[in-house]
There are 2 protein chains.
Amino acid sequence: MAPTTSSAATRDRILTATTELFRRQGYNGTTLSQIVEASAATTGSIYHFFPGGKDELTAEVLRVSGAGYGELVEIVIRSALDPATGMHNAFEAAGQLMIETDFIDPCPIGTIAREVASTNEPLRLVAADVMQGWVERLAAVLVDAGIDAAQSERLASMSVTTIEGGFVMARTLKDIGPFLSAGEVVRQLIADALPE
Amino acid sequence: MAPTTSSAATRDRILTATTELFRRQGYNGTTLSQIVEASAATTGSIYHFFPGGKDELTAEVLRVSGAGYGELVEIVIRSALDPATGMHNAFEAAGQLMIETDFIDPCPIGTIAREVASTNEPLRLVAADVMQGWVERLAAVLVDAGIDAAQSERLASMSVTTIEGGFVMARTLKDIGPFLSAGEVVRQLIADALPE
DNA sequence: CGGGGACTAGAACGATCACTCTAGCCGAAC
DNA sequence: GTTCGGCTAGAGTGATCGTTCTAGTCCCCG
C-alpha cells in the first residue's frame with residue numbers, strides 16, 4: 001500500500017541484517033560497518049532511513065522483531081489443542097531452531113535489553129514495551145482458554161521469564177536440555193490452571 | 001598465605017571495578033579506559049596481572065564472581081528451614097538488591113554469556129563452567145534435602161533458568177514483580193518435591 | 001524532456017578502541 | 001647500600017568506532 005519501490009527493500013535489508021547481527025553479537029558488539037556490509041547498503045542509506053543513527057535503527061529492530069516473535073508464538077500456541085501443549089510446542093520449536101542454527105540467539109531482545117538497561121533509557125523503554133506486549137498477548141490467550149485474568153497474567157509473565165532464562169542457558173551451555181525441561185515445567189503449570 | 005603486599009590489592013581493585021562495570025554495561029559496552037579509571041590502576045598494571053588483556057580479565061571476573069554468587073546463594077538456601085523457603089529467600093534478597101541499586105544487574109554473567117556465546121568460544125566455555133557449577137551446587141543442596149538425584153538436577157537447572165530470566169525481566173521492566181512471582185513458582189516446585 | 005525529491009555512494013572526521021612499549025619507582029635481599 | 005625484579009606509569013600505536021557531509025544517481029511527475 002505504501003511502498004516506494006526499491007527503497008522499502010533497502011530499509012528491510014538493513015533491518016533484517018541488523019537483527020541477524022544482533023542475534024550473534026548483541027548491540028555493543030555490532031558495528032555500523034558490519035551492518036553496511038551485511039545489508040549491502042551504504043552508510044548514507046542507513047542514515048537516510050534512520051536519521052537517529054544506530055540507536056534509532058536498534059529501536060526499530062526491537063519493535064519489528066519483537067512484534068514478529070510475539071505473533072509467531074501466539075500462532076504456535078493457538079494452533080495447538082490447548083495453550084499448555086501449545087506452549088510446549090513453542091519451546092520445542094525454539095529448541096529445534098537453536099540446534100539448527102548452532103545456538104545463535106533465537107531472539108536478540110533479551111540480550112540487548114540487559115546490555116543497555118542501565119545506560120540507554122530510550123532503548124530500555126522500547127524493550128520494556130516489547131516484553132510487556134508479549135506478556136499481555138500471552139495472557140489474552142490464557143484468558144481465552146478459561147483461566148482468570150490474574151492467574152493468566154502471572155502464568156504469561158512466568159512463561160516469558162522462563163523462555164528468556166532458557167535462552168541464556170541453552171546458548172551458554174550449547175545444550176537445549178535445560179531449555180526443554182523448563183518448557184515442560186511451564187506446560188505443566190498452564191495445564192494445572194486450565195479449567196476441568 | 002601468598003600475598004605480595006599491595007600488588008594483590010591492585011589486582012583485586014581491577015577485578016571488582018570490572019565486575020561492577022560489567023554489571024551496568026556488559027562486556028562489549030565496557031572499555032579498558034573505564035576500567036583504568038574505576039580501579040585507580042594503570043594500563044600497565046592491568047596487562048601485568050592479565051597479560052591476555054581484556055579477555056583474560058573477563059574470564060577471571062566470570063570465574064571469581066560466578067563462584068561468589070554460587071556460594072552466596074547456597075548459604076542463603078542452607079540457612080533456611082528447607083530449600084524451598086531458602087530459594088524463596090534468595091529471590092527476595094536479589095529483588096531487594098535490585099531495588100536498592102536502581103536495577104543494576106545483580107550478576108553480569110548471564111549478560112556476558114549471551115553477548116559472547118557466538119563470537120568468543122573461550123569465554124563461552126568459562127561462562128558455561130560457571131553455570132554448570134551453579135546447577136551442580138544447587139542440585140547437591142536438594143539431594144541433601146532428600147530429593148532424588150534426577151529431579152534435583154532438573155529443579156536446580158529450572159531454578160537457574162528462572163533466576164536468569166527473571167533478571168532479564170526485572171532489569172528491562174524496572175519492576176521486580178515478575179521476578180518475585182517467578183521465585184514463588186520455583187519455591188512451590190521445590191516444596192512439592194520435598195519428601196513428606 | 002526537464003525539474004526535483006528520494007535515495008545512494010563513500011570519503012573524511014574526531015574520538016576512542018585494545019594494546020604495546022619504554023622508563024622508572026620501590027621495597028626486599030644480601 | 002646497592003642490586004634486582006615486581007609493579008606502576010602513561011604516552012604512543014594503528015585500527016576502527018559512530019557520524020557527517022558533499023556529490024551524485026535514479027525515477028516519478030508534469
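Note that the structure is a prediction, hence the values are computed from the model and not measured. Letters go in sequence order (proteins before strands), and every chain restarts at 1.
- A donor-acceptor contact shorter than 3.5 Å links the side chain of B:T18 to the backbone of B:I14.
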Footprint string (nucleotides 10-26 of chain C, 5' to 3'): B base within contact, S backbone only, - free, heavy atoms under 4.0 Å: B------SSBB------
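- Listed by chain and number, the residues in a salt bridge (charged side-chain N to carboxylate O under 4.0 Å, His left out) with A:E184 are A:R187 (sequence neighbours excluded).
- Put simply, CD on A:E56 is 14 Å from C1' on D:dG18, counting in whole angstrom units.
- When rounded to the nearest whole Å, the span between NE2 of A:H48 and C1' of D:dT19 equals 17 Å.
- Contacts of A:F91 classified as ring-ring contact (aromatic ring centres under 6.0 Å, His included), with partners at least two apart in sequence or in another chain: A:F179.
- For the pair A:V73 and A:R137, the minimum side-chain heavy-atom distance is 4.5 Å or more.
- Taking atom CZ on A:F50 and atom P on C:dC7, their separation rounds to 12 Å, with Å as the unit.
- Within the cation-pi definition used here (under 6.0 Å to the ring centroid, within 45° of the axis), A:K54 qualifies as a partner of A:Y27.
- Within a 6.0 Å radius of CD in B:E37, no more than 12 heavy atoms belonging to other residues, nucleotides or ligands are found.
- Atom C1' of nucleotide C:dC7 and atom CD1 of A:I14 are separated by 11 Å, given to the nearest angstrom.
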